[in-house]
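Working notes for the structure below.
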Number of protein chains: 2
Amino acid sequence: MSSRTDKKQQTRQNLIDAALGLLNQQRSFGSLSLREVAREAGLAPNAFYRHFDDMEDLGLALVDVAGQGLRTVMREARQKLAHSQSVIDASVAALFDHIAREPQLFHMLLREQGSGSESWRRAIRTEIRYFTNELAEDLERLGQAKQRPIFDPYATADAMVAITFGGAGNALSMTADSRAELAARLVQQLRMIMLGSERMAEPKA
Amino acid sequence: MSSRTDKKQQTRQNLIDAALGLLNQQRSFGSLSLREVAREAGLAPNAFYRHFDDMEDLGLALVDVAGQGLRTVMREARQKLAHSQSVIDASVAALFDHIAREPQLFHMLLREQGSGSESWRRAIRTEIRYFTNELAEDLERLGQAKQRPIFDPYATADAMVAITFGGAGNALSMTADSRAELAARLVQQLRMIMLGSERMAEPKA
DNA sequence: CGCATTTGTGTACGCGTGTACACAAAAGTT
DNA sequence: AACTTTTGTGTACACGCGTACACAAATGCG
């Protein structure tokens with residue numbers, strides 16, 4: 001069975017890839033047209049409706065794909081952790097690798113948090129919160145292991161994520177060299193947050 | 001003289017206001033049409049060209065307006081500084097005031113950093129860098145005054161700006177209550193950065 | 001096989017778009 | 001007062017858009 005199901009999945013994927021292919025610094029998802037995406041995917045405009053209700057529906061699918069990719073990166077970063085010097089170095093390196101590999105997905109996730117429909121924005125925020133929560137747990141566990149607890153793990157993780165994603169968003173339109181500089185500065189900034197959070201957790205103060 | 005010049009400036013301003021009025025969470029600047037803006041401003045479509053070359057030109061004007069507003073807020077924050085407890089509290093409060101007062105301008109500046117033409121993005125980045133540089137100077141001066149120097153003032157200021165603007169971007173789609181919570185967390189996070197930066201500047205370490 | 005379902009095509013529609021052109025009314029200039 | 005310049009209008013065009021409808025080809029199922 002499922003020569004048909006397979007093919008359907010395939011052209012669905014083609015539509016997703018087509019949309020991603022059209023996204024770059026100049027173009028936001030909101031400016032893509034249904035016909036444009038269908039054309040890019042080699043389909044008649046009407047065939048689009050066999051796979052998605054409308055462009056918003058496609059957009060939600062894209063957020064989903066991007067979110068899965070992000071979570072994969074997190075896992076990779078944790079695996080590398082054992083062999084690397086610090087969580088921070090490993091995480092930043094993994095993230096920047098991912099960005100270099102699939103910039104369009106990040107473009108979506110980072111740069112269109114503020115546009116689009118309500119459900120669209122909520123989906124993106126959910127993905128990022130997911131990311132933040134897992135980092136918060138990591139930080140807390142790590143702090144206990146090191147006997148150096150941190151202050152308000154969620155706020156700390158949130159700050160780190162904000163810095164990292166903000167930086168990553170800027171990295172999208174940079175040369176490889178500038179990216180390396182940015183990554184180095186990011187590491188410093190994350191260290192500041194880490195140290196500051198530890199300091200704020202110290203008794204007395 | 002200049003009954004004409006005045007009137008021209010006036011309708012130009014009308015076009016700018018019309019564009020801002022059309023911007024909200026759902027609508028990005030890139031999705032506005034020339035006709036739409038002209039309509040909102042009570043003008044025939046063609047009259048648009050008497051004031052701007054095209055929509056991109058209008059966009060650059062908007063960035064300019066937003067940037068001026070931002071710098072004004074900075075100055076206000078510095079003036080309040082003397083009467084307030086900390087730079088951080090004062091700055092965050094001033095910024096959030098401004099956001100509540102003119103959300104559309106911030107929507108533009110914060111949420112469309114990553115879309116639009118090259119010149120558009122560069123203009124926005126320039127405005128933010130301006131902001132960051134002035135903060136860096138403040139931090140350095142303050143550190144010397146307190147005998148508590150900070151580490152790499154620019155990187156520190158950059159981290160603070162990233163956090164603040166990231167938070168401010170999220171605040172745009174929040175209720176007043178949530179905003180207050182967010183502002184409180186922001187203050188904590190900025191303190192972390194401050195403390196961490198001071199720690200990193202400590203000799204030996 | 002024969003019929004039903006699914007996936008995709010072609011045509012057609014009404015609409016909003018950017019913008020070109022010709023023109024009107026007002027303001028500035030001499 | 002006679003002119004030029006500036007600001008805005010009205011009409012018109014070709015285009016891309018979303019989507020409705022009728023139909024073709026392939027696949028799945030009895």
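Since we're looking at a predicted model, the values are computed, not measured. Convention: sequence-line order gives letters A, B, ...; per-chain numbering from 1.
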Margin query: Main chain of A:E112, side chain of A:S115: is a donor-acceptor contact present, judged purely on distance under 3.5 Å?
Written below: no
Check: Should the ring pair A:F106 and A:F165 be called parallel, tilted or perpendicular, given that the plane angle runs from 0 to 90° and is split at 30 and 60?
Finding: perpendicular
Next item on the list: Would you kindly check if the NZ (Lys) or CZ (Arg) of A:R71 is within the cone defined by 45 degrees around the ring axis of A:Y130 and under 6.0 Å from the six-membered ring centre?
Entry: yes
Next item on the list: Under 4.0 Å between any heavy atoms, over every strand shown, what does B:K7 touch: base, sugar-phosphate, or nothing? Just pick one.
Entry: nothing
Note to self: Any residue in residues 9-24 of chain B with a heavy atom nearer than 4.0 angstrom to DNA chain C? Just list them by number, or reply none.
What the structure shows: none
Item checked: A:T132 side-chain N/O to A:I128 backbone N/O, donor-acceptor pair under 3.5 Å -> yes
Check: If only atom types and distance count, is the side chain of A:S31 paired as donor or acceptor with the main-chain N or O of A:R27 below 3.5 Å?
Finding: no
Check: Please give, in whole Å, the distance from D:dT6 C1' to B:Y49 OH?
Finding: 18 Å
Next item on the list: Sugar-phosphate means primed atoms, P, OP1 and OP2; the rest is base. With that split, encode nucleotides 9-17 of chain C 5' to 3' as B, S or - using protein heavy atoms under 4.0 Å.
Entry: BBBB----B
Check: Counting only distance, no hydrogens or angles, is the base of C:dT5 paired donor-acceptor with the side chain of A:R4 under 3.5 Å?
Finding: yes
Checklist line | A:H51 NE2 - D:dT19 P separation (whole Å) | finding: 16 Å
Next item on the list: Give the rounded distance in Å between these two atoms: CG of A:L32 and P of D:dG18.
Entry: 10 Å
Check: Roughly how far, to the nearest 0.5 Å, is OG1 of B:T156 from CZ of A:R185?
Finding: 10.5 Å
Notebook entry, point to check: So, does A:R35 use its side chain to make a donor-acceptor pair with the main chain of A:P45 at under 3.5 Å?
Noted result: no
Margin query: Tell me the interatomic distance from A:K8, atom NZ, to C:dT7, atom C1', rounded to whole angstroms.
Written below: 8 Å
Notebook entry, point to check: Just by distance, do the side chain of B:R125 and the backbone of B:R129 share a donor-acceptor pair under 3.5 Å?
Noted result: no
